[in-house]
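Report on one structure; see the data block that follows.
The figures here come from the full heavy-atom set of this structure, side chains too, leaving out hydrogens, waters and symmetry mates. Order of the sequence lines fixes the chain letters, A, B, ..., with proteins taken first and strands second; residue numbering starts at 1 for each chain.
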Amino acid sequence: MKSIAKFWTVFDRTIGVMMAVSSALVVLIAIAVTFDVLMRYLFSKTYAGLFEITEYSLLWITFLGAPWIMKNNGHVRVDLIVNKLRPRKRALLTIIADFISIFLLLTMTWYTAGLTFHDFRTSFTLSGILMAPKWPIEIIIPIGFFLLLLQVVRHTLYHVKGLRTLSVDAFDTGGEI
Amino acid sequence: MDWPMALMLIFGCLLIFMATGMPIAFAFMLSCVIGSILFWGGIVGLEQLAMSFYSSVTSFSLLPVPLFVLMGCIIFESGIGMKMVDAVDKLLGRLPGRLSILAIGAGTLLGTMVGISGGTIAILGRSLVPEMAGRGYKKPMTVGPVVASGALAVLIPPSALAVFMGAIGRVSVGKLLVAIIVPGLLLAGLFCAYIIIRCMLQPSLAPSYKVESLPVVTKINITAKYILPVGFIIFSAIGVVFVGVATPSEAAALGVMACFLLAAVYRKFTFSMVKKSAVGTIEITVMVFVIIVGSISFSRILASSGAITGLIDLATSLPVPPIVIVIATQLVVLFLGCFMDPASIVMIAAPMFMPIISALGFDTLWYSTMLLINIQLGLITPPFGLDCYTMKALAPPDISIGDVFRSSMPFLGIGFLVIGLLMLFPQIALWLPGIMVK
Amino acid sequence: QEKDKPEILSMVIFLQDIPPGNFFTHLFIDKVREISKGKLVIRLVGGPEAIPATDAPAAVQRGSVDMANAMVAFADTLAPGVDMLGRAEYSPEELRKRGVVKFVQDMFAKSGVYYLGASSPSKPQAQTAIYLKKEVKTIKDFKGLKIAASGGSQKAFLEGLGAVCVPIGFPDYFTAMERGTVDGYNIGIPGIQDFGLTPVTGYMLDELFSSCGSGWLINLEKWNGLSREFKDVLTRAAIETEIEGVVEWEKIVAGVKKDISAEGVKIIKFSHEDSIEFYRTYRDRMGKDDLERSPENGSKLQRLTLNPEFHRLK
Ligand code: NA
Ligand code: NA
C-alpha cells in the first residue's frame, strides 16, 4: 500500500513538472515570436527556424499538459445524459466509460510509441529548414498518452471503490482526487 | 461499405461515446480508431491515425489560440479587466445588458484582427465572463454573447477562412472579403438588439443597479485611465497587422507583450501573476487542443470514407427547383457542421458545390457568403461545437457544456436568420462589393 | 462474375480536386481506365482533407491507401535525395531515358514503395515563380526583400538573392501581402490562384525555376501483386501523362498569366544577363544545399539530372 502511495506521489510530481514546462513554453513562444517579428520589421533579419520550432512546441504544450488536466478533471465532457441518470446507473455508466477509455489509451500509447520507434529506426526527417529528426519531437505523444492512461486507471480504481460503497460523492466530483 | 452505412456507423459511434460522459477528445479518438480500421486499410490504419495526431496540432495557424488565452488571462489576473468593466459600467449607465453588448462590441473589434474564432472567445471568455458573473449577469447573457462574438471573427476581414473558401471555391477572394462585412455587421447589430430586448423583458438576466450620473470630466478621466489602455492592447495587436509588422498568426504574440507592458504600468507585473496566467492558459489550451487532435483526425477519416461525397451527391442531384438545391446544400453543411471542423468542411464542400451553384445560374459570391456563415455556425451547434467547448474550458466550473450550448442557441438562431435574409435579399452581400470592387 | 469486376486502386492527391491543379490526376486516371479497357480503375479517395500531403507517402508505404499523387519533398525519408528532382534540367521524358526513373525506383524500393513517374510534368525549370508587391528591375532589387516561402522552401536560393526567407503558413499569405508584412512570395505558378492571391499581388517575375516535384507512388506489395498486364497499363499511363502533361502545363501557365494580367498583375522579366545570374544563383545555391542534405545519393542524382548544356545557363 505504501509503495503504491509513493508511486502516485512521484506520478503527481512528474505531471506537475510537465505542466510547469508547458506553461513556461507558451510564454517563451510569445517572447520569441515577438522578438522575431520586431527583428524582421526593423532590421530585415529573421530566424527562419522559429516557425518550425513554434509548431513543434504546440504539440509539446498539448501533450505535456494533458495528464495534469486529466487529473484535475479538466477535459470537456458532455454531461447532459449522464446527469439525468439515477446514481447507481450513472456510476455504472461512468465505469464503463472508464474501461473504454483505458482500452483507447492503451491502443494509442502502443501505436504512437510504435510510430515513434519506427521513425527513430528509419531516421525520419521532417521536411523544412531545420531538417529535424521526427522522433524526439513526437515522442511526447506516447509519453502523454501513457500518463493519461495511468491517470484514467487511477480514476477507475476510485470509481470502482465508490461503486462498492455506493458513495455518490465519488461521481459528483467526476473523481477528482 | 456504402456511404449511408458508413455515415451512420461513424456518427453513431461518436454520439454514443460522447453520451457516456467520457472526455469529448476520447470520444473523437475512439471513433477515429474504428474509422481508421475501416477506411485506412485495416489495422495499419491505426499507424496512420498515430501519424495524423502529430500533424493535427503542429500548425502555426493554431498559435493565436494559446496566445489569446494568455492575453485574456493576463488581463484577468492583473485586474485590468475588472477596472475596465467598472469603467464601462459607469460610462454606459443604464443601457440594458451593457456588458453583454460590450462583449459583442469587443468581439467585433477583435474580429478585425483575428482570423479564427477561437481567439476572440479565448480572450473575452477569460477576461470578461468572470467579471460579468460577479456582477450578477446570468449565463444567457455572459457565455452566450461571448460565444456569439466568435462568429464575428471570420466575418470581418482579415479572415483566414474566407480567404481559404474563396481560393478553393474559385470565388474572388477580394470580393468575398468585402461581401462578408455587411452580413457580419448585421449579425453584430442583431446580436445587440436581441440582448437589449431580452434584458428589457427579463431584467434579472443582467441586473441594472443604480448608477450615479457622472460629470463629463470624471467620464473623460475614467476613459483615459481604464478604457484607453485596453484600447492600446487591442490596437497594438490589430495595428501590427495593419501596418504590416506581423501576420495575423503572429500578432497575438505582440498582444501578449502589450498586456505584460500594461500590467507593468499598473504595477501588477509580478512573477506570481505571470505564473498564474501561464498555468491558466495551458489548462484551456490543452483542453481545446486535445479535442482538436481527435476532431481533425475524425474529419480526415470522414473525408476518406466517401460518405460525405455520397451525401453531397444526393443533395445536389435532387429533382427539385434550383433554390431548393441551394437550401439542401446549406442543410448538408449545417449537418456536417455538427461533427466536423470548418476548414475540413470548406475543403470538401466548396469545390463540390460551387460548380453546381454556378451551373444553376446563381451568384457564387452570394452563395459562398451564406456558406461561410453556415460553416461558422457549425462551431456552436451541438454535439461538436468547438467554440462552445472552448467557452466551457474557459468558463467557471459551475457552467456546464449544456449551459453553453443553451445560452448560444438564440444567437445561433439569429445566425440562421441572417442566412435566411441573405437568401431573400442577396444585396446584403452583393451591394458592398458592387460599389467597392470593380 | 468475379472476373468482370475491375481491379480497384485507391489514391490520394496532395492538392484539392479542383482545376487546374487536378488536371494531371484525371488525365492519368482516365488513361488507366482507357488502356485497361475498364479492367483497372483508380478510385480517388480525396485530397489533403483526407490524408495531409505530409502524411501521404507514409500512407502509401504502410498501405492505408494503394497509391498517391504525392509531393516528393515529403518522401525524402523514404528515398533520401528524391526532393532533388525539383532541380532537374531535363524534361520528365528525358529523365526517364537517362535512367533517373529507374534510379528513383531503386531508392523507393528499399522503403516498400514503387515510383511510377512524374505527376505534374513540365519542361525543366518552369514551375515556380516569385510574385511581388512592387516591381524589381534588376536582380539587385531583391536585396532585403522579404519573401514568404511556406516551409522555408528555396531558402538557400532566396538568401542567395539577398532576400529574406519568411517561412509563414499559407493562411497568412493574403493578409501578409495585403498589409506589406512580406514583399513577395514564392509559389508554384498556379498557386497565385489556388490561394486567391491575385488581388494582393502586383507583379509576377517571369523568371521561372524548379521542375516537377511530385510523383505517382504505389505500395510495393500492391504493385508486386498486380498482373504483368496491369503493371504495363500503369507504366504506359504514367509515360503518356508525362509526355502530354508537358504541353498541358504550358497551357495552364498561359491561362494563369492571362487571368492575372486581366486582374492587373504585371508580368515582368529580367534582362538577359540578370536572367542568367538569377537562374545560376538558384542552381548553385540549391545544388549546394542538396548535397549537404543528401550526401549519399546527392552527387549521383546531380550527375543524372543536371544538364551542363542547359539553355538557361547561356
Ligand atoms: Na477577422
Ligand atoms: Na457543430
Side-chain angles (χ1 to χ4, degrees), chain A residues 19-20 22-27 29-34 36-38 40-41 51 54-56 58-59 61-66 68-70 72 74-83 90 93-94 96-98 100-101 103-105 107-108 110-112 114-116 118 134 137-138 141 174, chain B residues 17-27 29-30 33 46-47 49-51 53-54 57-60 62-63 66-67 69-70 240 244-247 250-254 256-257 260 274-275 277-279 281-283 285-293 382-383 389 392-393 400-402 405:
Chain A
M19 180 68 182
S22 185
S23 310
L25 214 47
V26 78
V27 177
I29 291 179
I31 295 170
V33 171
T34 304
D36 191 58
V37 163
L38 293 179
R40 188 180 67 208
Y41 184 69
F51 186 86
T54 305
E55 292 194 324
Y56 306 149
L58 293 175
L59 182 80
I61 283 176
T62 309
F63 283 92
L64 278 175
W68 194 86
I69 308 289
M70 190 74 220
N72 290 280
H75 289 291
V76 181
R77 302 157 191 270
V78 175
D79 44 16
L80 299 169
I81 290 140
V82 182
N83 284 347
R90 186 171 152 195
L93 187 61
T94 309
I96 292 171
D98 283 340
I100 301 175
S101 303
F103 160 77
L104 169 75
L105 294 168
T107 315
M108 293 296 65
W110 176 258
Y111 278 95
T112 52
L115 184 64
T116 309
H118 173 266
K134 193 177 179 190
I137 297 162
E138 67 185 328
I141 304 178
Chain B
F17 292 137
M18 275 189 180
T20 64
M22 69 173 62
I24 285 161
F26 289 4
M29 288 175 191
L30 270 165
V33 167
L46 290 170
E47 291 169 27
L49 180 63
M51 198 165 188
F53 284 167
Y54 172 86
V57 283
T58 45
S59 164
F60 199 86
L62 287 174
L63 180 63
L67 295 188
V69 180
L70 185 52
V240 291
V245 175
T247 65
E250 295 164 339
L254 285 95
V256 168
M257 293 307 133
F260 278 142
V274 176
K275 192 177 141 195
S277 304
V279 170
T281 302
I282 295 305
E283 285 178 342
T285 305
V286 169
M287 281 184 240
V288 176
F289 278 16
V290 172
I291 294 174
I292 288 179
V293 168
Y389 296 157
K392 163 66 188 146
S400 74
I401 186 71
F405 279 120

(request) Could you have a look at B/Gly244, B/Ser59, B/Ser400, B/Gly402 and say which one has the most heavy-atom pairs with chain A under 4.5 angstrom? (result) B/Ser59

(request) Report the residues that fulfil side chain to side chain donor-acceptor pair (under 3.5 Å) with A/Tyr56, sequence neighbours left out, ordered by chain and then residue number. (result) A/Glu52

(request) With a 4.5 angstrom heavy-atom cut-off, could you sort out which part of B/Val256 is near chain A: side chain, backbone, both or neither? (result) side chain

(request) Looking only at non-hydrogen atoms, find the nearest pair between A/Gly65 and B/Ile282 and report the distance. (result) CA-CG2, 4.4 Å

(request) Could you tell me which residues satisfy side chain to side chain donor-acceptor pair (under 3.5 Å) with A/Glu138, sequence neighbours excluded, listed by chain and number? (result) none

(request) Check whether B/Ile292 gets within reach of chain A through its side chain, its backbone, both or neither, counting any heavy atom under 4.5 Å. (result) neither

(message) Are A/Val76 and B/Ile401 packed together at the side-chain level, in the sense that at least one heavy-atom pair is separated by less than 4.5 angstrom?
(response) yes

(request) Measure distances from A/Thr54 to the heavy atoms of chain B and classify the residue's part below 4.5 Å as side chain, backbone, both or neither. (result) side chain

(request) Quick one: which of B/Met51, B/Lys275, B/Glu250, B/Lys392 has the most heavy-atom pairs under 4.5 Å with chain A, could you say? (result) B/Glu250

(request) Below 4.5 Å from any heavy atom of chain B, which atoms of A/Leu59 appear? Answer side chain, backbone, both or neither. (result) both

(request) Identify which part of A/Trp110 has an atom lying under 4.5 Å from any heavy atom of chain B, answering side chain, backbone, both or neither. (result) neither

(message) Can you tell me which of B/Val57, B/Val288, B/Leu30 forms the most heavy-atom pairs within a distance under 4.5 Å of chain A?
(response) B/Leu30

(request) Tell me, for A/Leu38 versus chain B, whether the close heavy atoms (under 4.5 Å) come from the side chain, the backbone, both or neither. (result) side chain

(message) Please classify the contact between A/Thr107 and chain B as side chain, backbone, both or neither, with a heavy-atom cut-off of under 4.5 Å.
(response) side chain

(request) Supply the atom-to-atom distance A/Thr34 OG1 to B/Phe260 CZ, rounded to the nearest 0.5 angstrom. (result) 9.5 Å

(request) Side-chain contact test, heavy atoms from C-beta onward, threshold under 4.5 Å: evaluate it for B/Glu283 versus A/Trp68 and give yes or no. (result) yes

(message) Less than 4.5 Å apart, side chain to side chain, heavy atoms only: is that true for A/Leu58 and B/Thr58?
(response) no

(request) Would you mind telling me which of A/Ala30, A/Gly114, A/Ala97 has the largest number of heavy-atom pairs within less than 4.5 Å of chain B? (result) A/Ala30

(message) I'd like to know which of A/Ile61, A/Val27, A/Ile137, A/Ile100 tops the heavy-atom pair count under 4.5 Å against chain B.
(response) A/Ile100

(request) Provide the closest heavy-atom pair for B/Ala246 versus A/Val37 in the form atom of the first, atom of the second, distance. (result) CB-CG1, 3.8 Å

(message) Please identify, among B/Phe289, B/Phe60, B/Phe26, B/Phe53, the residue contributing the most non-hydrogen atom pairs under 4.5 Å to chain A.
(response) B/Phe60

(request) Answer yes or no: is there a side-chain heavy-atom contact under 4.5 Å between B/Tyr54 and A/Thr112? (result) no

(message) Counting heavy-atom pairs closer than 4.5 Å to chain A, which one of B/Leu254, B/Thr281, B/Leu67, B/Thr247 comes out on top?
(response) B/Leu254

(request) Can you measure from CE (A/Met108) to CG (B/Leu46) and round to the nearest 0.5 angstrom? (result) 5.5 Å

(message) When you compare the side chain of A/Met19 with that of B/Val279, does any pair of heavy atoms fall below 4.5 Å?
(response) yes

(message) A side-chain contact here means heavy atoms from C-beta on lying under 4.5 Å apart; do B/Met29 and A/Leu105 qualify?
(response) no

(message) Less than 4.5 Å to any heavy atom of chain A: does that hold for the side chain of B/Val33, its backbone, both, or neither?
(response) side chain

(request) Can you tell which part of A/Leu64 gets under 4.5 Å to a heavy atom of chain B, answering side chain, backbone, both or neither? (result) neither

(message) Could you check whether any side-chain heavy atom of A/Asp98 comes within less than 4.5 Å of a side-chain heavy atom of B/Met22, counting everything from C-beta outward?
(response) no

